[in-house]
Amino acid sequence: YIMIIGLILFFGYYLKILAPIYPQVGEGLLNQLKGLIIPVLALSFWPLANIIRLTRAEVIDEMNEDFVSMLRAKGLNRRQIIFRYVLRHILTTIIPELTTTFVIVLSFSFFVEIVYQTRGVGFILYESVVHEIFDTATVKFDLANVTVIGFFYAMLALVIGFFNDLLLPIVDPRIKMGVNE
């Protein structure tokens with residue numbers, strides 16, 4: 001919420017590089033695409049920082065393992081060790097985090113759409129709950145829209161989680177799906 005306001009103030013009003021609100025529909029494709037820069041930046045800062053922090057911690061942890069010492073003794077340099085061996089090990093930690101990150105980004109997108117006036121699913125949800133008349137806002141709860149949008153968000157999160165679960169055995173063959181031993 002704070003990030004989108006800061007980006008609007010900095011890029012929209014101070015530098016005047018980007019539009020401070022989302023462009024209207026008839027303003028052309030280039031302006032529509034430029035209008036997506038601020039919301040995408042606002043939504044990507046936290047997930048990017050979180051994944052980088054997690055990746056860094058996992059690489060540091062894996063580089064202290066015994067097999068890395070053996071690989072160094074074989075003559076492999078740091079880059080070869082990280083990209084051939086360590087990356088595969090740390091992906092088993094990062095992939096499950098992607099589902100949580102995706103759900104958080106979906107939640108934040110609601111606020112970004114309201115602040116930046118982007119017409120998306122979050123904005124439709126807002127209009128289904130809040131009814132603005134003149135200078136006042138009242139609660140108007142459109143149960144059908146709220147239910148459908150909530151179901152859409154839940155299904156999207158479940159599908160992402162399902163694909164993450166399918167991806168784990170591909171990355172690490174030691175993980176078996178549906179096998180009880």
Side-chain angles (χ1 to χ4, degrees), residues 1-60 79 82-83 86-87 90-91 93-142 144-164 167 171:
Y1 185 73
I2 294 170
M3 184 65 66
I4 185 77
I5 292 173
L7 289 172
I8 288 170
L9 289 174
F10 185 71
F11 288 112
Y13 290 112
Y14 182 70
L15 294 179
K16 296 182 180 166
I17 297 173
L18 301 170
I21 60 171
Y22 190 71
Q24 297 297 323
V25 176
E27 292 190 28
L29 182 63
L30 185 61
N31 285 336
Q32 295 284 324
L33 292 176
K34 280 176 62 178
L36 292 175
I37 293 173
I38 289 177
V40 168
L41 283 176
L43 286 173
S44 64
F45 279 135
W46 180 83
L48 188 61
N50 189 33
I51 296 298
I52 288 172
R53 179 191 54 82
L54 184 63
T55 303
R56 180 182 179 274
E58 288 297 319
V59 167
I60 289 172
R79 185 182 183 125
I82 289 175
F83 284 108
V86 172
L87 186 63
I90 66 170
L91 281 177
T93 307
I94 293 172
I95 289 174
E97 185 68 24
L98 294 177
T99 304
T100 307
T101 303
F102 182 76
V103 169
I104 290 171
V105 167
L106 274 180
S107 302
F108 288 158
S109 70
F110 173 77
F111 297 109
V112 168
E113 288 179 18
I114 300 306
V115 171
Y116 198 62
Q117 298 292 311
T118 308
R119 297 287 182 184
V121 178
F123 197 80
I124 295 170
L125 179 63
Y126 175 75
E127 287 181 339
S128 298
V129 174
V130 176
H131 183 62
E132 295 180 6
I133 302 174
F134 302 114
D135 291 337
T136 62
T138 59
V139 175
K140 172 195 78 165
F141 199 72
D142 187 359
N145 281 352
V146 172
T147 305
V148 168
I149 291 170
F151 181 74
F152 172 72
Y153 276 164
M155 290 307 296
L156 207 54
L158 286 174
V159 167
I160 295 297
F162 178 70
F163 282 123
N164 284 345
L167 191 61
V171 171

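Keep in mind it's a predicted model, so treat the numbers as computed, not measured.
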Report yes if some heavy atom in the side chain of [X] is under 4.5 Å from a heavy atom in the side chain of [Y]; otherwise report no.
| X | Y | value |
| --- | --- | --- |
| Tyr22 | Glu113 | no |
| Thr99 | Phe163 | no |
| Phe10 | Leu15 | yes |
| Phe152 | Leu125 | no |
| Ile4 | Phe111 | no |
| Ile38 | Ile8 | yes |
| Glu27 | Lys34 | no |
| Tyr153 | Val121 | yes |

**Q.** Trace of the salt bridge (charged side-chain N to carboxylate O under 4.0 Å, His left out) decision for Glu97 with Arg53
**A.** CA-CA 12 Å; Glu97 185 68 24; Arg53 179 191 54 82; 5.7 Å; no
Q. Counting only heavy atoms not in Leu33, do more than 12 sit closer than 6.0 Å to its CG atom?
A. yes
Q | Candidates Val130, Val129, Ile124 - the one meeting side-chain contact (heavy atoms from CB on, under 4.5 Å) with Tyr126 | A | Val130
Are the side chain of [X] and the backbone N or O of [Y] linked by a donor-acceptor pair below 3.5 Å?
| X | Y | value |
| --- | --- | --- |
| Glu58 | Ile90 | no |
| Gln32 | Gln24 | yes |
| Ser128 | Asp142 | no |

What's the separation between atom [atom1] in [X] and atom [atom2] in [Y], rounded to the nearest 0.5 Å?
| X | Y | atom1 | atom2 | value |
| --- | --- | --- | --- | --- |
| Asn50 | Thr55 | CG | OG1 | 9.0 Å |
| Met3 | Phe108 | CE | CZ | 10.5 Å |
| Ile104 | Leu43 | CD1 | CG | 12.0 Å |
| Leu41 | Phe11 | CG | CZ | 6.5 Å |
| Leu7 | Ile37 | CG | CD1 | 11.0 Å |
| Glu127 | Lys140 | CD | NZ | 8.0 Å |

Non-hydrogen atoms of [X] and [Y] that approach each other most closely:
| X | Y | value |
| --- | --- | --- |
| Ile114 | Gly122 | CD1-O, 4.1 Å |
| Tyr116 | Pro20 | CE1-O, 3.4 Å |
| Thr118 | Phe123 | O-CB, 3.4 Å |

Q: Applying side chain to side chain contact (heavy atoms under 4.5 Å, CB included), run through Arg56 and Val59 and close with a yes or a no.
A: CA-CA 5 Å; Arg56 180 182 179 274; Val59 167; 5.9 Å; no
Q. After noting the C-alpha distance and the side-chain angles of Leu54 and Thr93, does the key distance pass the side chain to side chain contact (heavy atoms under 4.5 Å, CB included) rule?
A. CA-CA 8 Å; Leu54 184 63; Thr93 307; 4.3 Å; yes
